[in-house]
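In what follows, a structure is listed as C-alpha cells, so that the remarks can point back to it.
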2 protein chains.
Amino acid sequence: MKRIADSTVRRLSMYLRYLEDLDTRGQQTASSDELAHLCGTTPAQVRKDLSFFGSFGKRGLGYPVHELTAHLREILGLQREWKVLIIGAGKIGAALANYRGFRQRGFTVAGVYDNDPHKVGQPWGEAIVRPMDALEADLNRDDAPIAVLAIPAEGAQAVVDRLVKAGVRAILNFAPTQITVPPHVNLKSVNMAMELEGLSFALTNPGYLDEGAA
Amino acid sequence: MKRIADSTVRRLSMYLRYLEDLDTRGQQTASSDELAHLCGTTPAQVRKDLSFFGSFGKRGLGYPVHELTAHLREILGLQREWKVLIIGAGKIGAALANYRGFRQRGFTVAGVYDNDPHKVGQPWGEAIVRPMDALEADLNRDDAPIAVLAIPAEGAQAVVDRLVKAGVRAILNFAPTQITVPPHVNLKSVNMAMELEGLSFALTNPGYLDEGAA
DNA sequence: CCCTGCTTGTGAACAATTTCACAAGCTCTA
DNA sequence: TAGAGCTTGTGAAATTGTTCACAAGCAGGG
Ligand SMILES: NC(=O)c1ccc[n+]([C@@H]2O[C@H](COP(=O)([O-])OP(=O)(O)OC[C@H]3O[C@@H](n4cnc5c(N)ncnc54)[C@H](O)[C@@H]3O)[C@@H](O)[C@H]2O)c1
Ligand SMILES: NC(=O)c1ccc[n+]([C@@H]2O[C@H](COP(=O)([O-])OP(=O)(O)OC[C@H]3O[C@@H](n4cnc5c(N)ncnc54)[C@H](O)[C@@H]3O)[C@@H](O)[C@H]2O)c1
C-alpha cells in the first residue's frame with residue numbers, strides 16, 4: 001500500500017467540495033481539466049491524485065460526478081459520522097462548535113469541555129459545558145475519536161497526554177505550541193500566527209518568492 | 001536570490017517562538033540540536049533553514065539566542081507593526097480580533113468590516129464595525145496591507161477582487177473556497193474542514209500513513 | 001463499422017525538499 | 001601553543017512530490 005502524501009489528501013478534500021457543487025447543479029461528468037480549474041491545480045495532478053485509489057473516469061468523457069463524489073467520500077472516511085470533542089469553551093471553541101462546515105461533512109460535536117468552574121454547566125450552543133473530570137468516563141461511554149484542542153498553549157501537552165491515554169486517536173490542535181503524540185495518534189496543528197507571519201515574510205522579502213498562489 | 005520554501009518560512013516562525021521563550025528565560029545560546037528538539041524537526045534542517053539567510057551561529061557553541069531572535073524577527077518582517085483589516089464581523093472574525101497571539105507579534109487590528117446593517121456601527125471589542133462602503137476610503141487614509149477574510153464562501157472572491165483593487169497585497173482567507181489573486185498579491189488560505197477531513201482519512205486508512213507527527 | 005476528437009491513466013523525467021556526512025572553526029584546558 | 005571536544009555551514013545524495021507526454025480507450029458521426 002503506497003504512502004499517500006498529505007498534500008494529496010488535502011486536494012482530495014477540495015475535489016470533493018467542488019464535485020458536490022457540480023452534483024447539486026446536476027452536472028453529469030467533469031474532466032480533470034475542469035476540476036483542476038475549479039481547484040487551482042493542474043489536470044495531471046488531478047488524474048494522478050485519483051489514480052492512487054482506482055480508475056474512476058471514462059476516457060474521452062471525464063469523471064462521473066455523482067459516482068466520484070461517493071468514491072471520494074468513502075476514501076476520506078466521510079460516509080460515517082465522526083464525533084468530535086471540543087476541549088476549551090473559549091472564543092475559538094465557540095466559533096468551531098457552531099461551524100456549519102463541520103456538520104455538513106459528518107462531524108458532530110459530541111461534547112464541550114473546560115476546566116473553568118464558571119463555564120462548566122453553562123449552556124453553550126446546543127450543548128452544556130462539561131468539566132474536564134468527566135472526560136475519561138464520557139469517552140468510555142461514547143467514544144469520540146477526534147478531539148479539537150482550543151485551550152492556551154501552557155496546558156496543551158498535558159491535556160493531549162490525557163486524551164491519548166483515554167483512547168483518542170486524532171487531534172486537531174489550535175494551541176500555538178509543539179505537541180508530541182505516540183505514533184499511533186494522528187495530530188494536525190493549525191497555527192494562525194504562523195500564517196500571518198508567512199504573509200509578513202512575503203511582503204517583506206518580495207525577491208524570495210515568485211507566485212501569489214495558495 | 002534563492003527561492004525560500006514555504007515550509008522553511010513556517011519553521012522560521014516556530015524557531016522564533018521558542019527562541020523568544022529561551023531568551024526570556026535568560027538562556028545565552030542554543031544549539032541546532034536543542035532547537036530541533038523543541039520544534040519537532042532535525043538539527044540538519046534547522047541549520048539549513050538558517051543558512052539561507054546568513055551564518056548566525058558559532059561553531060562549537062551554537063546560536064546566540066538573543067541575536068538570532070532579532071535576526072529572525074527581521075527576516076520575517078516583524079520589527080514593524082502590521083495593520084490588519086478583518087472582513088466579516090462574525091464568529092471567526094471575533095475570535096481572531098481578540099487573539100492575543102496576533103498582537104504579540106506586531107499585528108494590530110486596524111478595522112473590522114461587515115455588510116450587515118445590523119452589525120455596522122456596533123461596538124466590537126475595542127473597535128466599531130464599519131460598513132463595507134467605507135473600505136476604499138479607509139484604505140487610502142491609512143493603508144492596511146494585510147486583510148483577513150472571515151465571510152461566507154459565496155461573496156469571498158468578489159470581496160477579494162475589491163480588496164486587491166484597493167491596494168491590499170496580502171490576504172489570509174478563512175472561507176472554504178478557492179480564491180484567485182493576481183501574482184503580486186499574497187494569499188494564504190486556512191481551511192479547517194480540510195484539516196478534519198485529513199484526520200478522518202488517516203483514521204480510515206491507517207495503512208496509507210506512517211507517522212503521527214504534525 | 002470505422003474514423004475523428006477528446007480524455008484518462010501512468011511510467012518516466014523533472015523539480016523541490018530533506019537528510020547525510022564531513023571539513024572548518026570555535027573554546028577551553030593543560 | 002597544541003590537542004580534545006563540540007557544533008556549525010554546506011555540497012552531495014537521497015527522498016519526496018509534481019509535471020510531462022503519450023498509448024489506450026470511449027463516444028458520436030458519417
Ligand atoms: N482566538 C483566536 O483567534 C485564536 C486563533 C488561533 C489560535 N488560538 C489559540 O487557541 C487557543 C484558545 O484560544 P481562545 O481565543 O479560544 O482562548 P480563550 O481564553 O477564549 O479560551 C480558552 C478556554 O480554555 C479553557 N482552558 C484553559 N486551560 C484549560 C485546560 N487545561 N483544560 C480545559 N480547558 C482549559 C479556559 O477556561 C477557556 O475557556 C489558544 O491556544 C490560542 O492561542 C486562538
Ligand atoms: N466558525 C468557524 O469555526 C469557521 C471555521 C473555519 C472557517 N470558517 C469560515 O469563515 C467564514 C466566516 O465564518 P463565521 O462562522 O464567522 O460566520 P458568521 O456568519 O458568524 O460571520 C460572517 C460575517 O460576515 C458578514 N458578511 C457576509 N457577507 C459579507 C460580505 N460580502 N461583505 C462583508 N461582510 C459579509 C456577515 O454579515 C457576518 O457578520 C465562513 O466562510 C466560514 O466557512 C468558519
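Chain identifiers are assigned alphabetically (A, B, ...) following the order of the sequence lines, protein sequences preceding nucleic acid strands; residue numbering begins at 1 within each chain. Atoms considered below: every heavy atom in the structure, side chains included; atoms not considered: hydrogens, waters and symmetry mates.
- D:dT8 atom P lies 8 Å from atom CG of B:D33, rounded to whole Å.
- One can place CG of B:L12 at 14 Å from C1' of C:dT17, the figure rounded to the nearest angstrom.
- Contact annotation: A:R47 side-chain N/O to D:dC20 OP1/OP2 distance is not under 4.0 Å.
- For A:L61, taking side-chain heavy atoms from C-beta onward, the closest of the listed nucleotides D:dA27, D:dT10, D:dA24 is D:dA27.
- Going from atom CZ of B:F56 over to atom C1' of C:dC26 covers 18 Å, rounded to whole Å.
- Checking D:dC20, C:dT8, C:dT17 against the side-chain heavy atoms of A:A44 singles out D:dC20 as nearest.
- Per the geometry, CG belonging to B:D6 stands 20 Å off P belonging to C:dA15, to the nearest Å.
- To the nearest angstrom, C1' of D:dT8 lies 13 Å from CG of B:L68.
- OP1 and OP2 of C:dT8 both lie 4.0 Å or more from every side-chain N or O belonging to A:S51.
- D:dT18 atom P lies 13 Å from atom CZ of B:R3, rounded to whole Å.
- Atom CD of B:E34 is separated from atom C1' of D:dT8 by 15 Å (rounded to the nearest Å).
- At a threshold of 4.0 Å, the pair B:R105-B:E20 counts as salt-bridged, since one of the basic side-chain nitrogens sits closer than that to a carboxylate oxygen.
- At whole-Å resolution of the value, CD in A:Q28 and C1' in D:dA27 are 15 Å apart.
- Applying the 4.0 Å criterion to OP1 and OP2 of D:dT7, one finds that B:S32 has every side-chain N and O outside that range.
- For D:dT19, the OP1/OP2 oxygens have a side-chain nitrogen or oxygen of A:Q45 closer than 4.0 Å.
- For A:T42 and D:dT19, the shortest distance from a side-chain N or O to OP1 or OP2 is below 4.0 Å.
- Taking the six-membered ring where the residue is Trp, B:F53 and A:F201 present perpendicular rings, their angle passing 60° and hence far from 30°.
- A salt bridge is defined here as a Lys NZ or Arg NE, NH1 or NH2 lying under 4.0 Å from an Asp or Glu carboxylate O, and A:E126 with A:R103 meets this definition.
- Side chain of B:T69 to backbone of B:V65: a donor-acceptor contact under 3.5 angstrom is found.
- Residue A:K58 has its side chain nearest to D:dA27 when only D:dG11, D:dA27, C:dG11 are considered.
- Phosphate contact (OP1/OP2 of D:dC6, side-chain N/O of B:Y63, threshold under 4.0 Å): absent.
- Between the side chain of A:R59 and the base of C:dT7, no donor-acceptor pair of N or O atoms lies under 3.5 Å.
- Side-chain atoms of B:S55 lie closest to D:dG9 of the nucleotides D:dG9, C:dT17, C:dG11.
- A salt bridge does not link A:K58 to A:E67: none of the charged side-chain nitrogens sits closer than 4.0 Å to a carboxylate oxygen.
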